[in-house]
Trainee: 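Here you go, one structure.
Just the heavy atoms: all of them, side chains too, but no hydrogens, waters or symmetry mates, feed the values below.
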Amino acid sequence: MLLKNVIKTLRKKWMQLVAIGFIIILSSATYTMMFYGLSGIEEPTEAYLSDYNQEDFAVEMLNRVTLEEAAYPIAATLLARGFYSLSDIKKVEPATFYKLMDNRIAEFEVRYRDVSLELREYKNTSYTYQGQSHKALLVKDGETINLSYMEEGRKPSADNEVAVTKVYADKNDLTIGDALLIKNKSYRVTGFVLFPDYTLPMFDETFNLDTGLQTLLIMSDKEYENFDDKESFRLAGMNLSEESIDTTYDKEELPFVSQITDTQTSMRSGAIYDELTQGKVMALGLSVFIAAIAVIIVSILIYNLLHAERGQIGILKALGYRRSEIARPYFVAMMVFAALMLILGYFIGSLYSEPLKKLYLDFYLLPQVKIAQSFTVFATAILVPLLFFSLVSGIIIYRILGENALELLKPHEGKSINRIGRYLSRVLSKAKGSTKFKYLHAIKSTGSFFIFFLGIMFSTILMSFSFMMGGMVDRMTVDYLNKVDYEYEAYLDVTERLPETRPGDEKFLIYPFASLDDSVVSLQGLSSRNKLYSLYDDEGNDITVNIQNGAVITKRLSIKLGLEEGDIIRLEVNDDTFPFLVKGVTDEYISDKVYLNIEKLSNILSENSTSRLYSGIYSLKKPSDAYYSTIISKSGLIEQSKAMSNYTQFISNVMIGGSAIIAASILFVLTSFTVEKNYYVISLLKVMGYRRREVNAMILNSYFFYALISYLISIPIALGILNLMMRFFTEEYGVILPLQYRPIFLLQTLVILILIFFAGTYISRRKIAKIPLQEVLKSYQE
């Protein structure tokens, strides 16, 4: 009988229960989805990286002959012919190249005991497929470290065979046996490959991660050597002891080393470790936060429900019902409701864990396995929050039912004011009575006010992040490309004679091995009259002329090294130091680059023997493949950045939508509680002659004022977290996240918050309109 009465009472509050149920479902679903989705990646990834010997560290090398190596007889003749880069030497004298690499490995292993090194060779290439520009990293298979893993099919053995990544094949409708045209040669796809040192497809300094437009490739060793494109090298290392590698090194002893990076601090190979760890921590944190909100709101609901029925409960106690008999139906009803919502959330989370896993595998190049159910996840997602629900609900129910029958039959008199209220009442001591009532009654319940304040703050922070993320990828990749006028960037083939440049083409010279403050930077020489690749500052001013008698650095390099216009930088090239005045900063985040006058850079690199060196050209028309080994289309680069840009936009929309729903749900539940608790007061205000708008203002609009306070507090918190994120990525990975907070974001967030407020309080306002004046007379008669 008591249980039926409780269920009947709860049915009248179905809208509140729906809102509370949504929050409970969201808590369970968030944890389940994130945990299963990430576990579906983590377990096979750990086995794959271990079985196929992922490098423990990487040694980034200077791609040129050092002064010490120049003294070797085998290198002297090549240097005299003008071949100073390792890629050039390998093209003309492979035996000399491998001898130099063996010497470098031997020198490193003398300085670092208990390590094993292996040369890693790879080539960046671009090609057109199905009318779009595609990018690939052709990797030569390792012998003992970073072994290739075939998800399906087999490794290529013939010269016309190739293996690609599975996600690339799926997005381009490629199957095993299909033909793939790469740089005018047809290859047959023999399988789908992965490499342990490329769990993230970062093939260069840009942040383009479109796995539908870029792929890893493996060919036969013979075809790899014959494939003509820009080649790079590094040393992959394994620790033979339990200790991790010391990434500091003596530059005098190891002059060919530019950087030693631990795998877990390298974006291309180690970002997945932080992604998995932080993802699980975030899932648990979000779940606990949302569950805590749900627990407190359910507690408030039970508290209000029991106090509304104090008289009936007092009569039951007077009739001899024990406390446990009265408490049981309330407790069982709430626990069944919470359990059903948590179970529903668990299955929703399980359902969406597979799409979440696929979303991660859209960017991470990792093996896939089917997600398996786990009792641990089930228990954490359902039993743990249910335990908290039962403890809190039980404490509240038993505490209220602990009062004797006579106390329960008396009207409940809550605390007149709490600590916050006492402080606020002093602040409002000279205000009108209606103003005092308006702002004091909203904070009468400490728990309700705390949840309201925290929910609005959480939503505001999420919305702030979403706006900051907007355009981030474009600023990192294509914003600057959209400013410059060239269409093609072409690099010379050093094995061919120099071509005649066409009218309108503009030369550039690149030297990617310079050192600045112990960091490797790229030097790029341009003409100060350059038109196709002009330099612009963050205000859009053309500052190309500044390289005539100084240097212009990228915004990324400026942030990383703390450099500004007017500073003196000292560039180290071939053990010589050259000072330059920084005369401008370009609004470019793509690379760590210093722009110089092309003739000045040519003199530096040639030791004043010529001012006419150049590496390639910028052009409006596609150059000939006969003289240029690599031709990069600007429109292709822009196209490749769209996937990452769309991904961040999707995440932004999810953050805005999720935060809005949580905030609206909290507002609806709490304001509906407020209306129910103030039926008598609302009716009395109407009797006293207050209009509906005035009653709404006194009962509900005070929440709007407190929402604004929460919003204003949230902004500096969001900016603080933003700075921490940017610092983390800069220090850990050397990646600059150009997140921006513009003043317009304040207005946009405020508008969304206002919409959330009025949406969340709409039903409560309608309830106020329906409360009759006779309510106060009923209370008076009672």
Trainee: What's the shortest heavy-atom distance between Tyr711 and Thr460, and which atoms?
Mentor: CD1-CG2, 3.5 Å

Trainee: Nearest 0.5 angstrom please: Ile343 CD1 to Ile348 CD1, how far?
Mentor: 12.0 Å

Trainee: Might you confirm whether atom OH of Tyr352 has over 12 heavy atoms from other residues, nucleotides or ligands at distances under 6.0 Å?
Mentor: no

Trainee: Can you tell me how far apart CE (Met335) and CG (Leu387) are? Round to the nearest 0.5 Å.
Mentor: 10.0 Å

Trainee: Output all residues satisfying side chain to side chain contact (heavy atoms under 4.5 Å, CB included) with Ala338, sequence neighbours left out; order by chain, then residue number.
Mentor: Leu386, Phe389

Trainee: Identify the heavy atoms of Val585 and Glu565 that sit nearest to each other, and give their distance.
Mentor: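 Nearest pair, atom of Val585 first, then Glu565: CG2-N, 4.3 Å.
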
Trainee: Taking Ser28 for its side chain and Tyr346 for its backbone only, find out whether a donor-acceptor pair lies under 3.5 Å.
Mentor: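 Checking the backbone N and O of Tyr346 against the side chain of Ser28, a donor-acceptor pair under 3.5 Å is found.
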
Trainee: Between Leu344 and Leu340, does the side-chain contact (heavy atoms from CB on, under 4.5 Å) criterion hold? Intermediate values first, please.
Mentor: CA-CA 6 Å; Leu344 181 59; Leu340 289 174; over 6 Å; no

Trainee: Is there side-chain contact between Asp538 and Lys555, with heavy atoms separated by less than 4.5 Å?
Mentor: yes

Trainee: Taking side-chain hydrogen bond (donor to acceptor under 3.5 Å, both in side chains) as the test, write out the residues that go with Lys483, two or more places apart.
Mentor: Asp587

Trainee: Minimum heavy-atom separation for Gly37 and Leu356, please, with both atom names.
Mentor: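 What the structure gives for the nearest pair is CA-CD2, 4.3 Å.
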
Trainee: Which atom names give the shortest non-hydrogen contact between Ser353 and Met33, and what distance separates them?
Mentor: CB-O, 3.7 Å

Trainee: Are Ile559 and Tyr589 close enough, and set up right, to give a side-chain contact (heavy atoms from CB on, under 4.5 Å), and what steps lead you there?
Mentor: CA-CA 10 Å; Ile559 293 173; Tyr589 291 88; 3.9 Å; yes

Trainee: Minimum heavy-atom separation for Pro385 and Ala381, please, with both atom names.
Mentor: CG-O, 3.2 Å

Trainee: CG of Leu708 to CG of Leu750: how many Å apart, nearest 0.5 Å?
Mentor: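 Leu708 atom CG to Leu750 atom CG measures 6.0 Å (nearest 0.5 Å).
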
Trainee: Quick one, Tyr31 with Tyr36, criterion side-chain hydrogen bond (donor to acceptor under 3.5 Å, both in side chains). Give me CA distance, side-chain angles, the key distance, then yes/no.
Mentor: CA-CA 8 Å; Tyr31 178 78; Tyr36 274 146; over 6 Å; no

Trainee: Of all heavy-atom pairs between Leu563 and Ser558, which one has the smallest distance, and what is that distance?
Mentor: O-OG, 2.6 Å

Trainee: For the atom pair CE (Met341) and CG (Leu26), what is the distance rounded to the nearest 0.5 Å?
Mentor: 13.0 Å

Trainee: To the nearest 0.5 Å, what is the distance between CG (Leu342) and CG (Leu383)?
Mentor: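 If we round to the nearest 0.5 Å, Leu342:CG and Leu383:CG are 9.0 Å apart.
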
